[in-house]
2 protein chains.
Amino acid sequence: MSAKPAFSVSLSTILEKFRDKFPVPPEKWEGYTSRFKRIQVPAKTILLREGEISKKAYLIEKGCLRVWFDNKGDEVTFQFFFENSTVSSIESFKKGTPSLFSLETIEPCTLWWIDKTDVDSMLEEVSEIASMRNQIMNTLFERTLHYMKHFLSFVRDTPQERYENLLNQQPYIVQRIPQHYIASYLGISRVHLSRIKNKLARGK
Amino acid sequence: MSAKPAFSVSLSTILEKFRDKFPVPPEKWEGYTSRFKRIQVPAKTILLREGEISKKAYLIEKGCLRVWFDNKGDEVTFQFFFENSTVSSIESFKKGTPSLFSLETIEPCTLWWIDKTDVDSMLEEVSEIASMRNQIMNTLFERTLHYMKHFLSFVRDTPQERYENLLNQQPYIVQRIPQHYIASYLGISRVHLSRIKNKLARGK
DNA sequence: CTTAAACGATAACATTTGTTACCAAATTTC
DNA sequence: GAAATTTGGTAACAAATGTTATCGTTTAAG
């Protein structure tokens with residue numbers, strides 16, 4: 001153990017956190033993890049551009065990303081990702097279609113990436129195992145629910161309520177992410193978000 | 001073949017359409033389909049009430065349904081379902097949690113329903129077969145994309161654009177569904193939808 | 001250290017959308 | 001087929017939200 005080079009220790013330490021998301025059999029683990037490559041990129045790096053075809057999936061060791069798309073000239077931020085998350089443009093990665101979104105770092109990031117071909121072969125193997133299968137299905141199902149609920153909050157809540165929910169449920173987003181990204185994430189203008197904050201500051 | 005009772009012929013005819021959604025091996029088909037029960041219900045029948053736990057999945061032979069939830073007193077319609085679709089409150093059906101939605105017929109309907117325990121045992125068996133598994137995963141994946149894209153259209157498009165998209169892409173919805181349901185589906189008030197229609201009628 | 005870029009607040013004004021109320025047509029119910 | 005319910009249109013006004021522009025403050029780059 002202590003004989004291993006520092007780099008290898010770091011790799012396995014970080015990737016351990018993703019075992020639930022890449023649920024491979026123990027004896028395969030080493031073979032798969034070796035296919036991940038570590039990179040460091042500055043803030044505002046575009047990892048995938050809207051319209052390109054996604055060939056890589058990322059794990060975030062450090063930093064955060066946003067997923068956004070161009071809407072008639074202005075950027076609409078759609079999702080944020082932080083440490084210990086896996087990120088890709090899922091529809092493009094899975095189906096090989098042009099991505100609907102861009103993937104861009106917000107902070108300087110340390111990332112691990114893996115090629116689609118490796119993910120595919122891995123999935124093919126592990127899906128022979130019922131428990132792994134269920135794990136994968138569950139992950140996908142939860143993502144479905146996530147989109148469903150996120151959508152619901154748009155239909156159900158006012159912008160102010162959405163902001164308050166964000167503050168309560170994911171305060172780290174408000175803390176780490178520049179406000180104009182949050183505004184577009186909430187579906188409102190920067191000015192309006194400013195107004196909402198102001199209103200809340202003066203006791204509702 | 002001609003010796004079969006009319007009812008049985010009808011059953012298999014209708015259910016054939018769902019083979020892609022309930023992808024069971026051919027030799028199992030008969031055993032599973034026999035667990036479906038046919039019912040006829042009038043318009044405005046509530047099949048599942050928000051807060052209850054879903055134990056049944058439905059196939060629509062004839063008619064249409066809506067999925068809605070209560071938002072501070074008024075009903076928000078979230079999705080419509082038509083002939084040859086399968087419907088359930090998926091999160092409740094799968095996880096056994098209280099349903100976030102009500103399921104209600106809009107027109108008089110002819111439905112086939114199946115119990116959750118039957119679905120579960122069926123899924124367990126068929127998921128041993130790789131091709132069936134992929135089918136199931138694909139169905140789930142497509143549903144995820146559906147929610148994602150539906151959400152996107154809310155962030156990206158104006159109410160008028162959403163209505164025009166609906167007209168172009170799913171004209172049958174506009175034709176068959178009462179307008180006030182469509183308004184809440186589009187996330188706007190009945191009055192505003194009326195204004196939009198008026199505006200479009202007078203050449204944009 | 002200096003300058004440029006990014007970020008955030010605010011005001012004034014325009015536009016969109018909601019609310020309430022009322023009416024008419026269509027549909028369902030008895 | 002008469003009455004009740006559902007459905008849809010419109011007007012007047014109120015509230016929410018967007019747009020543009022301006023101004024500090026902070027952060028990043030040289």
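Just so we're on the same page: letters track the sequence lines, and every chain starts at 1. Computation of the quantities below employed the complete heavy-atom set of this structure, encompassing side-chain atoms and omitting hydrogens, waters and symmetry-equivalent molecules.
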Hey, where on DNA chain C does chain A first and last touch, going 5' to 3'? Cut-off is any atom under 4.0 Å from a heavy atom.
C/dC7 to C/dA12
Compare all side-chain heavy atoms of A/E164 with those of A/L200 and state whether any distance is below 4.5 angstrom.
yes
Those residues at least two apart in sequence (or on a different chain) that pass side chain to side chain contact (heavy atoms under 4.5 Å, CB included) with B/L140 are A/M137, A/L140, A/F141, A/T144
Taken in chain and number order and not counting sequence neighbours, the residues that satisfy side-chain hydrogen bond (donor to acceptor under 3.5 Å, both in side chains) with B/S131 are none
Does any donor atom in the side chain of A/S89 or A/E91 lie under 3.5 Å from an acceptor atom in the other side chain?
yes
Going by atom types alone, do A/T77 and A/E75 pair a side-chain donor with an acceptor below 3.5 Å?
no
What residues form a side chain to side chain contact (heavy atoms under 4.5 Å, CB included) with B/Q79, not counting sequence neighbours?
B/V67, B/F81, B/H146, B/Y147
Using ring-ring contact (aromatic ring centres under 6.0 Å, His included), reason through A/Y181 and A/F80 one step at a time and then give a plain yes or no.
CA-CA 10 Å; A/Y181 293 151; A/F80 300 110; 7.2 Å; no
Sorted by number, residues from residues 63-70 of chain B placing a heavy atom under 4.0 Å from DNA chain D are none
Side-chain N or O of B/K197 closer than 4.0 Å to phosphate OP1/OP2 of D/dG9
yes
Below 4.0 angstrom, N of the basic side chain to O of the carboxylate: do A/R176 and A/E83 qualify?
yes
Would you please indicate if the ring centroids of B/Y185 and B/H150 are separated by under 6.0 Å?
yes
Among residues 171-193 of chain A, which ones have heavy-atom contacts with DNA chain D below 4.0 Å?
A/G187, A/I188, A/S189, A/V191, A/H192
